[in-house]
There are 2 protein chains.
Amino acid sequence: MERRRRVPNPLALAVLAWLLWEPMHPYELGRRLKQTGKDRHIRYTRSSLYMVIEQLDRAGFVTAQETVRDSARPERTVYAITEAGRHEVHDWLRSLLAQPRAEYPHFAVALSLLSLLPPDEAVEVLRRRSAALAGRIEETRTTMDEARADGVAWIFLVEEQYALALLEAERRFVTELIESLKQPDYAKSWQETMGGRV
Amino acid sequence: MERRRRVPNPLALAVLAWLLWEPMHPYELGRRLKQTGKDRHIRYTRSSLYMVIEQLDRAGFVTAQETVRDSARPERTVYAITEAGRHEVHDWLRSLLAQPRAEYPHFAVALSLLSLLPPDEAVEVLRRRSAALAGRIEETRTTMDEARADGVAWIFLVEEQYALALLEAERRFVTELIESLKQPDYAKSWQETMGGRV
DNA sequence: CCCCCTTTAGTCAGGGCTGACTATCCAGCA
DNA sequence: TGCTGGATAGTCAGCCCTGACTAAAGGGGG
């Protein structure tokens with residue numbers, strides 16, 4: 001199927017995408033990532049940025065173009081995307097969009113162990129989650145509204161829209177789950193099977 | 001807030017949970033993980049299992065109980081959970097359930113770069129995704145039905161139910177997105193802004 | 001003119017994770 | 001008896017990633 005990428009870190013895709021626009025030095029890349037809020041959906045730290053660029057260089061997807069030293073700042077290497085890099089962006093993007101891949105949300109692991117908690121405790125923590133989710137949903141909505149008010153086109157907000165859809169689905173799921181856990185039969189059967197164990 | 005765990009890998013939580021039941025050697029743990037299908041929501045390989053158990057040992061959450069050598073097999077170390085380990089399971093589980101944490105689905109990254117693809121190409125790959133999602137949904141439903149037919153209680157299928165909820169939400173999102181991309185205005189504005197660039 | 005805080009820019013040690021490898025036992029078959 | 005394939009069980013080199021650190025420039029207050 002999908003051969004493994006030479007530089008699998010998603011941050012690399014974002015870097016390549018920016019370099020499609022114009023050559024840049026690492027710090028500038030980092031700044032744009034933050035500024036445009038694209039770092040909200042990518043695990044980004046400055047150190048991993050440098051690492052990833054090094055990897056991209058080794059893989060031949062970018063090349064060091066020149067080393068600028070304006071006045072006295074530490075020297076900054078400007079990187080440009082290569083032809084192989086352009087190809088990689090396109091190919092990677094297509095494959096990410098076309099094939100859903102197994103991701104491993106922490107919540108799923110926790111759910112698979114839900115039976116370890118006494119029913120009332122489970123209900124309590126899930127209520128807290130539900131409230132937190134409501135907060136996230138609010139935040140996301142606000143971010144989107146603000147962006148739209150600034151004239152940002154919908155296509156550049158599509159990842160927020162997706163995040164929102166997932167958050168809302170999770171919220172609905174949690175609400176229903178809480179209801180199921182509150183049924184007296186559940187408390188009863190939990191007592192019977194787990195009562196002494198935990 | 002949430003202090004970082006001594007052994008942050010979710011596989012560690014699953015290991016501790018099984019050891020709550022009874023002491024076991026690593027290979028046995030791995031077998032049960034696979035058998036019960038719990039490995040579907042955890043990144044599991046044998047090597048990481050050994051690594052994680054080593055880490056749990058260093059952290060004091062498990063202890064090597066005895067080294068069995070039946071007949072001629074390579075010796076197997078049986079591990080038992082400690083009091084600190086019990087506490088860790090409980091605390092970690094509560095915190096995973098109560099606090100949604102930022103996860104970084106690859107699809108979100110790809111979506112944030114969707115504007116790089118010509119509209120018809122975007123539609124094509126998203127249609128493929130939609131079909132793949134339908135397949136996953138089918139699979140998950142079948143797994144759940146089979147388990148229920150075997151008499152498995154709903155509480156032990158709750159993580160599948162969650163996976164299903166997310167898959168369905170994603171599918172709905174993708175369907176709507178395809179519709180938006182098919183609007184003639186989008187093709188037009190894409191031509192205008194990106195036309196020459198890509 | 002000195003001090004201190006913030007911003008800019010980058011490095012690196014240390015530990016985590018994975019793919020690839022090793023080694024033994026047993027069953028079946030020729 | 002000897003060979004082969006599969007299940008059992010574990011190890012390890014090497015890359016990847018992160019948190020913590022370094023360091024210089026600019027700016028503003030005193």
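The chains referred to below are lettered A, B, ... by the order of the sequence lines, with proteins before strands, and numbering in each begins at 1. Treat the numbers as computed from the prediction; the structure is a model and nothing was measured.
Atom CD in B:Glu54 sits roughly 9 Å away from atom P in C:dG16 (whole-Å rounding). Put simply, CZ on A:Arg58 is 8 Å from C1' on D:dC15, counting in whole angstrom units. At whole-Å resolution of the value, CE in A:Met24 and C1' in C:dA9 are 16 Å apart. For B:Ile53 and D:dA9, the CD1 to C1' distance is 12 Å, given to the nearest whole Å. In this structure, CG of A:Leu11 is placed 9 Å from P of D:dC17, rounded to the nearest angstrom. Atom-to-atom, OH of A:Tyr79 to P of C:dG10 comes out at 9 Å; the value is rounded to the nearest Å. In this entry the distance linking OH of B:Tyr50 with P of C:dG15 reads 23 Å, nearest Å. As rounded to whole Å, 11 Å separates atom C1' of C:dA9 from atom OH of A:Tyr44.
Contact annotation: A:Arg46 side-chain N/O to D:dT22 OP1/OP2 distance is not under 4.0 Å. Look at B:Arg31 and you'll find a side-chain N or O under 4.0 angstrom from OP1 or OP2 of D:dA9. Considering only side-chain N and O atoms, B:Asn9 lies under 4.0 angstrom from the phosphate OP1 or OP2 of C:dC17. A:Ser48 has a side-chain polar atom (N or O) that falls below the 4.0 Å cut-off from OP1 or OP2 of D:dT18.
Residue B:Arg43 is in sugar-phosphate contact alone, with no base atom involved, counting any heavy-atom pair closer than 4.0 Å across all strands shown.
Contact of the B:Tyr162 side chain with the A:Leu177 side chain is not registered, since no non-hydrogen atoms from C-beta on lie closer than 4.5 Å. Within the 4.5 Å cutoff, the side chain of A:Met24 has heavy atoms near those of the A:Arg32 side chain. In this structure the side chain of A:Tyr186 never reaches within 4.5 angstrom of the side chain of A:Ser180, judged on heavy atoms.
With hydrogens and angles left out, the side chain of B:Ser47 and the base of C:dG19 share a donor-acceptor pair within 3.5 Å.
Here the side chain of A:His25 is nearest to one of C:dA9, C:dG19, C:dC17, namely C:dA9. Of all nucleotides listed (D:dC17, D:dG19, D:dC12), D:dC17 comes nearest to the side chain of A:Gln55. Which of D:dC12, D:dC17, C:dG10 sits closest to the side chain of A:Tyr27 comes down to C:dG10.
Residues B:Met144 and B:Ile137 share a single hydrophobic cluster, defined by chaining ILVMFWY side chains whose heavy atoms lie under 4.5 Å apart. In this structure, B:Leu96 is not a member of the same hydrophobic cluster as A:Tyr104, with clusters built from ILVMFWY side-chain heavy atoms closer than 4.5 Å.
Ranked by how close their nearest DNA chain C nucleotide is to the 5' end, B:Leu49 and A:Pro26 are led by A:Pro26.
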